[in-house]
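Below you'll find the structure, written out as structure tokens, and then a few comments.
Heavy atoms only: backbone and side chains are in, while hydrogens, waters and symmetry mates are out. So that the names make sense, note that chain A is the first sequence line, chain B the second, and so on, each numbered from 1.
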Amino acid sequence: MVGLSEGEKQFLRGGIEHNLRADGRTRHQFRPISVQTAVIPQANGSARVRLGATEVIASIKAELGKPTVLHPDKGKVSIFVDCSPTAAPIYEGKGGEELSMELSVALERCLLGGKSGAGAAIDLSSLVLVEGKVCWDLYIDALVVSSDGNLLDSLAAAIKAALSNTGLPKVNVVLGASPEEQPEVDVSDEEFLQFDTSAVPVIVTLTKVGKHYIVDATSEEESQMSSAVSVSVNRNGQICGLTKRGGAGLDPSVIYDMVSVAKYVSQQFISVLDSEIAAAEASEE
Amino acid sequence: MRDLHLSLNQTQRVRLQAALDQLESDASSTAAAAASVTVADTIPVNHEDNILKGHGTSDLDGQVVATLCGVVERVNKLVYVRALRSRYKPEVGDIIVGRVIEVAPKRWRLEINFSQDAVLMLSSMNLPDGIQRRRTAVDELNMRSIFIENDVICAEVRGFQNDGSLHLQARSQKYGKLEKGQLLTVPPYLVKRRKQHFHHLEQYDVDLILGCNGFVWVGQHVDTTAKESTLLSDEPSGKEETDNAVPVETRRNICRIANAIRLLSVIGLTLSVESVTETVEESVRANVEINEMLGAEFYVQTVEREAQRRASLVRKRR
């Protein structure tokens with residue numbers, strides 16, 4: 001990321017104060033979003049999302065596994081984000097590890113709920129095939145190809161699109177004679193069960209620059225931020241997760257205000273994203 | 001500027017394809033198309049003359065073969081291939097916009113979208129008090145008060161150093177630090193060398209500087225005659241923040257012009273002050289919101305307009 005001169009920084013901050021950012025957007029407008037699904041044919045589901053110049057790819061692979069002893073009636077989902085060196089030279093080798101960890105944890109918090117699986121956006125009970133013995137393990141992998149700010153929002157949108165593209169093969173389970181034996185599984189190649197993504201939330205990141213918050217910051221605007229709050233909202237307007245980044249402290253009333261702004265903005269974003277996903281699925285057929 | 005990926009609906013895709021086809025057919029009817037070559041194409045050459053094989057050509061089995069994709073140029077006995085898309089090729093006298101990346105002893109190093117960094121010597125820069133004198137050690141210690149890291153500067157190419165890097169000079173009042181605006185990066189081959197690179201768009205109160213290296217500056221108009229008086233009375237920048245805020249109307253114009261430049265660079269059309277102002281006027285006429293200028297509809301409209309303009313030019317020529 002190249003630096004900005006003092007004059008450019010003042011111009012940026014002044015623009016945000018006057019509700020007119022560098023590319024003409026208001027404080028609460030997203031950049032145009034473009035979605036492509038089924039970009040990775042070997043995966044069970046995949047999607048590529050472009051938000052302005054930010055580009056991310058998410059893929060979902062499903063494998064059969066054994067549920068944990070603590071939660072025998074739930075399947076397992078793990079999310080992992082990788083920042084590719086093509087996004088920025090500093091991500092080469094171990095450079096991108098910190099950012100990747102931060103993004104993975106934030107996404108898991110927003111999409112997977114608590115340790116017991118309560119409040120998860122993805123219904124983990126639907127992943128179980130034989131209680132205590134066989135379940136689906138979903139591995140969600142996301143790759144940041146190009147970074148121009150607002151990675152968390154685009155990653156969440158890509159995961160939502162990839163989930164709607166996911167087809168889990170139908171499995172015939174034959175229980176063994178004794179309860180100790182492993183059941184035999186027959187994975188069908190033909191039939192697929194689509195995922196229900198109506199409960200999957202989107203993430204809206206509000207970046208505070210000066211006295212105002214902006215939605216969908218570019219990397220130049222992010223370099224001027226004092227703090228950022230990422231709110232995960234689902235279609236019913238309920239908050240599914242909250243993450244705060246940045247060093248500056250925030251007054252609680254400010255957080256309340258940010259959350260209400262995020263709720264309002266997210267409704268529009270969800271409808272735009274849903275229509276884009278539907279268009280992508282239709283064009284892919 | 002990275003590519004815009006637009007979600008075009010079916011009608012927009014059809015219209016875009018029709019406009020692009022028309023542009024291609026117009027292009028192929030001109031003479032330039034006949035001289036365009038791709039890699040490994042043979043260049044038609046009269047073998048009796050002693051032809052000098054220039055850049056982008058190679059001798060293969062007695063044939064002159066192109067090693068680049070571009071247009072064949074012939075100058076007397078020299079035959080070379082000029083690439084259409086290439087890195088910035090500097091020439092003496094070019095106006096460029098650059099960003100300071102290092103303050104070094106007696107010089108500033110600037111990044112200018114070239115293979116090497118350019119150098120601006122302290123002696124090639126006007127001193128704040130405007131007096132012409134020998135630079136002393138005190139001047140060298142106060143270099144930071146003139147330019148600091150990450151400043152955006154407009155300068156002119158003075159010459160080349162031995163290793164190929166550029167020497168710049170910023171002696172005139174119109175060169176120097178650029179503030180109150182935004183810097184855009186476009187592919188350098190879209191900015192052709194013209195007589196004028198500094199444009200003051202009066203109706204918008206905006207300065208537009210088309211740097212030959214692909215850095216384009218769009219900012220509030222700065223009166224260069226008033227510049228000298230402000231340099232003499234150097235005030236701390238904190239006070240200036242509230243005094244010199246950019247008014248909202250100018251800001252809107254700056255955003256509109258910047259979006260027009262982004263759009264033209266994505267389509268691949270040559271940037272000139274006429275094409276930029278025409279795009280801005282068209283967007284105002286069509287009541288397009290500033291941020292919608294980067295949307296699918298205006299993109300398709302701009303391509304269609306360019307196709308019509310070229311078609312009418314071709315017709316006029318006939």
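- Few gaps surround CD on B:Gln116; more than 12 heavy atoms of other groups in view lie less than 6.0 Å from it.
- Using a 4.5 Å cut-off between heavy atoms, A:Glu17 makes no contact with chain B at all.
- Within the 4.5 Å cutoff, side-chain heavy atoms of A:Phe11 are placed close to those of B:Arg251.
- Between chain B and the options A:Gly15, A:Gly24, A:Ala279, the largest number of non-hydrogen pairs under 4.5 Å is found for A:Gly24.
- By the neighbour-count criterion of 12 heavy atoms within 6.0 Å, atom CD of A:Glu92 is sparsely surrounded, having that number or fewer from other residues, nucleotides or ligands.
- Two residues are said to be in side-chain contact when any heavy atoms from C-beta on lie closer than 4.5 Å; B:Asn291 and A:Asp23 fail this criterion.
- The number of heavy-atom neighbours closer than 6.0 Å to CD of A:Glu98, taken from other residues, nucleotides and ligands shown, is 12 or below.
- Around the CD atom of B:Glu289, the shell of radius 6.0 Å holds no more than 12 heavy atoms that belong to other residues, nucleotides or ligands.
- Rounding to the nearest 0.5 angstrom, the gap separating the CD1 atom in B:Ile290 from the CZ atom in A:Arg21 is 13.0 Å.
- Partner A:Glu8 forms a side-chain contact (heavy atoms from CB on, under 4.5 Å) with one of B:Val152, B:Asn150, B:Asp151 and no other, that one being B:Val152.
- Sparse packing is recorded around CZ of B:Arg85, with 12 or fewer heavy atoms of other residues, nucleotides or ligands lying under 6.0 Å away.
- Summarising the local packing, NZ of A:Lys9 is surrounded by more than 12 heavy atoms from other residues, nucleotides or ligands at distances under 6.0 Å.
- For B:Ile101, no part lies under 4.5 angstrom from a heavy atom of chain A.
- A donor-acceptor contact shorter than 3.5 Å links the side chain of B:Arg99 to the backbone of A:Gly3.
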